[in-house]
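Please read the structure below before turning to the comments.
Lettering of chains follows the sequences in order, A, B, ..., and the numbering in each one begins at 1.
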Amino acid sequence: MNKEQIENKITQKFGSAIEIQKTKNPEPFIYVSIEKYIEVCEFLKTDPDMCFEYLFQLGGVHYPDDRFEIALTLSSHKHKHELVLKVKLPHDNPKAPTATTVWEAANWYEREAMELFGIQFEGHPDPRPLLLYDDWNYGYPMRKGWTGPDFIPMPDKTKGGDD
Amino acid sequence: MTDVTKNIQLSEEEFLLNMGPQHPSTHGVLRLVLKLRGEFIEDLTPHVGYLHRSIEKIAENRTYAQFMPFTDRIDYCASMPCNLAWALAVEKLAGIEVPPRAQYLRVLMTELNRIASHLIYLGVMSLDLGAFTPFLYTFREREWILDLFEMTCGQRLTYNYMRIGGVSRDLPPEFYQSCKNFTKVFLKKVDEYEALFTYNPIFLTRTKDIGILPIAVGLEYGASGPTIRGSGHNWDLRKVEPYSSYEKFDFNVPLGTKGDVWDRYMVRVQEMRESCKIINQALDGLPEGEIKAKVPGVFKPPAGEVISRIEAPRGEMGYYLVSDGSTKPYRVKIRTASYGNLQVLRYLSRGWKIADLVAIFGSLDVVLPEVDR
Amino acid sequence: MLELTGIIQWVGGIVTSISNSLGLPQIIIDIILILLIAVAIFAFLMLMALYLIWMERKVSGHIQDRLGPMMTGWHGWAQTIADALKLLQKEDIIVANADRKVHYWAPIVVFTACFAVYAVIPFGKGMLAADVNIGILYILSITTFTTLSLLMAGWASNNKYALLGGMRSASQIISYEVPLTLSILGVVMMAGTLSMGKFVELQGPYIWKWYVWPQFIGFCIYLIASTAELNRTPFDLPEAEQELVAGFNIEYSGMKFAMFFLAEFLNMFTVGAVTTTLFLGGWNPPLPALAFIPSWVWFLGKSLFIVFVIMWFKWTYPRLRVDHLLSFAWKVLLPISFINIILTAIGITIF
Amino acid sequence: MNLLVFYILAILAAGSAIMVVTMKNIFHSALFLVLTFFSVAGIYVLLNAEFLAAVQVLIYVGAITILMIFAIMLTHQLFSRSLRQVNEQVIPASLITFIFFVLSVVALAKTAWPVSGGQLPEDRIFEIGKLLMSEYVIPFEVVSVVLLVALVGAIIIGRREKSGDTK
């Protein structure tokens, strides 16, 4: 299946929830509305024509004017095609349902987006920080315009802790 | 980190063992909290991030060309593929055509680096299984590859060899003969490693039927590269969506059958042979011509978003690159192979012993800076 | 004459005559003589341990296509001496929650045990400190203290890795004790004695009369089982670096660590010495014509050869897994050693 | 000299036996038990029973105590917990012990210990082996059957616990 066919099929199925972006981008992608996000993911994974069983990556993007999006790159090893799926998140409180129910691989990617961008993934099975250390409370470093303190003291491990 | 250990419920016979962050077999700084019953692993929680250097954030403050040396640091065992993936992403964004000679040189270097990386895997794997000697043997051969790299780009570990639109330098005149000798000698050395390992009864009992990864589970967790090919899943980006003129090379994709530790080992050993084949072809068929396309000094690619994917030694790696049309990338998301491969560890190691965990973890060939970035 | 027997008698004679002239009672003379022998053996063993460490480094170096220590002295001969001096100066760290007394005693126990074994080892013609009639049984019983000390070290360190290492070593050594003892039984049956001196006498300077030929199965089992008892690769699970970091000795530093380390090498030499005595004719030359080479040279040569073989194992093989290790002892070695005993018994009754 | 050694060994054996019962840490108790066994083995040596001494060390130190320590290490409740070695019934216990002590002293004093004359045989192990295989062959065999039964029983008990765990 080539890209047009995939796009047609999804548009037929989900209609207004899908917005196909074909601008000057070399890489065309599909916007999906947040309400239908998980539904579309499940369809993409299970439909025999789609079969996107492999989540290549999932990452947050912070666009100007404080718009958050998450971008998923999916690939189907069966049909050898790939797709970029994007979700626009609510402005004031970036929040999305978790995709871990569809792909286990989303687990760490979502944890990473959670701590670095402050995007909340609802229903995530293990919402601990992944890369930053546990006492980190200097905001979400990957957001644009984040200015961290010049000097961040090492967490004091001598107090308490059993490891 | 204390909350992690406190939330785990333990029964009478179970206890927690903290493996890492400083532990000989966690290959860098990975912390595994093991819930053990005797020596059996009931559950395992990996903690990563000890090497987090926020390369993605750094990328937003560097120009496209300036970011190239940082990609070296993503995976220090195999820097060339990281370089290559970045170059490919930017070239795709800007629509730059890379001259054929540069493409061949890129293939040559990535394949040499693939061998070097697999040699580290082999040595470290043997070390994990308690055999010290093969480690030094593999590093002896790796040394030769590093010499070749030094000859070409002056660096031994972080090469910074690729450029946007090509490569930084052409091959020195003595490279051809030295590399030819290497491939000839190296094939014999691979046989030597195999004699030490492949059918060694102790090695077989330690690796056969240990840590079996079903294809479906591997895909679900995002495993790639030799890890998933060991299970018999025929997926190699060099074949599926060839980049940098890989379609012109004749090579096989070795596959395992069962997906155990031994299969993953075997796939890598075979891949070294295949890489030798590719290197020979690249050396013999090296086209004449430019090694770098014309790229303006102040490089401003058009705004847009691209994905680049390559088959790095550890599996699929790639960049998700968002450009706003300025000289600096707007957002770079780095997808590395170890990230997916490490997620499988929890599934693979449950129910096995600590000794098996070491073997399984070794067989995934995870490089931690790649996970933490 | 290069035999040391004369020297030993000469020294003994001098001590006795001096003591007699001083009018010391017999008991004091005995004690002085025993102390002299003990000090001599101790000095020899310390040198031996140091040089075995050097030998291990050289052997591993050459197996691994490198040189090993080269800088300190000719081919690095003084390397371990330098290391020992360094270790002596090191701070002795005892972890806060360790069981201090047990932590302190564990290296002493292991060192004493491996030293005590040498009371019954015949180093050469007339060079046997105590020819007790239960020699080999004595060795077997004394070596059990090694297990005890490993358990003590593992427990006292208050470290989970050390504990796992201690437990592994205990289960491993107990399991391999059985085939080890049974493999010796074949030799004991043929010789009809337990005395180390008698074993050597019975084999004599004829290579075809050595017990290694009729007891070849026993010899192999003994070598495998004792490698396991030594906790060396492929059986080095108690200190498996990649799993348990260093196992039972993880919390030891300085001289206490050095004592474990030296004890390991001394035990290795013990295995070589016992194998030589039981299976390779002890200090006897292979042919009577070769008797011009002193007996202790033969003994050392054979023992060091066995030590070399054990080192060779270490630098070639990967490590076994715990359950494979134990099932190998109980399911493979044990039945074979029983078969060996039965065959030996049949052989003895026929011939 | 023998007497001196005997006293040292006897004090060691008795002292460490007291430590076994009074130590608060069960691991230390086990270690003192080793010392007791070892001193007893020393006394055997003094009595010219080297074989018995070696076997004592081999079995009691090498196998039994090690197994006990192993069990202590494996069991979380015993591991690193100090035990109370004295309870409320000190007086009755010491009374009973004292009575038993007096009785055994009396019994020891009243028994005539027959001393068989003559030298010890040169090869004592050989003689022990002969006796075990001829005069004492039935008890010897019975003991091995008992051990076998105990072994099988231990395996059965161990197995049952394991299957109970998994359900």
Side-chain angles (χ1 to χ4, degrees), chain C residues 25-28 30-31 97-99 101-102 105-106 109 112-113 116 120 130 132-152 154-156 158 160 162-175 177-178 180-181 188-189 192-195 198, chain D residues 1-5 19 23-35 37-38 41-42 44-45 48-76 78-80 82 120-130 155:
Chain C
Q26 186 60 36
I27 186 169
I28 305 280
D30 283 352
I31 288 172
N97 288 328
D99 191 329
K101 278 177 194 146
V102 181
W105 277 96
V109 170
T112 319
V120 296
V132 283
N133 54 7
I134 50 151
I136 187 68
L137 209 56
Y138 168 81
I139 291 175
L140 287 176
S141 60
I142 289 296
T143 43
T144 58
F145 277 93
T146 316
T147 331
L148 188 70
S149 74
L150 299 194
L151 277 175
M152 283 164 76
W155 191 82
N158 193 19
K160 281 166 186 166
L163 181 71
L164 274 174
M167 296 207 304
R168 276 184 177 188
S169 73
S171 53
Q172 175 179 332
I173 295 184
I174 289 177
S175 306
E177 194 84 32
V178 180
L180 183 91
T181 316
V188 172
M189 282 161 79
T193 177
L194 290 170
S195 151
K198 287 264 175 58
Chain D
M1 174 139 174
N2 271 8
L3 206 63
L4 182 72
V5 176
M19 296 304 262
M23 270 303 192
K24 283 205 166 61
N25 188 322
I26 192 161
F27 188 80
H28 291 177
S29 295
L31 289 181
F32 275 108
L33 194 62
V34 171
L35 195 58
F37 287 140
F38 195 62
Y44 285 145
V45 173
N48 282 331
E50 294 96 345
F51 181 75
L52 209 55
V55 169
Q56 162 97 2
V57 173
L58 192 64
I59 290 173
Y60 280 94
V61 178
I64 291 178
T65 330
I66 299 245
L67 275 181
M68 278 163 60
I69 292 174
F70 203 63
I72 292 168
M73 282 177 156
L74 279 176
T75 320
H76 263 252
L78 295 175
F79 181 62
S80 72
S82 48
L120 278 168
E122 189 50 38
D123 203 343
R124 295 187 280 276
I125 304 132
F126 205 69
E127 296 300 319
I128 292 172
K130 260 190 185 167
I155 289 168

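With a 4.5 Å cut-off on non-hydrogen atoms, C:L137 touches chain D through its backbone and its side chain both.
With a 4.5 Å cut-off on side-chain heavy atoms, C:T144 and D:I66 do not count as touching.
Taking CG of D:L31 as the reference point, atom NZ of C:K101 lies at 12.0 Å (rounded to 0.5 Å). Between the OH atom in D:Y60 and the OG atom in C:S141 there is a gap of 14.5 Å [rounded to 0.5 Å].
Heavy-atom contacts from other residues, nucleotides or ligands closer than 6.0 Å to CZ of D:F38 number 12 or fewer.
Between chain D and the options C:I174, C:L151, C:V102, the largest number of non-hydrogen pairs under 4.5 Å is found for C:L151.
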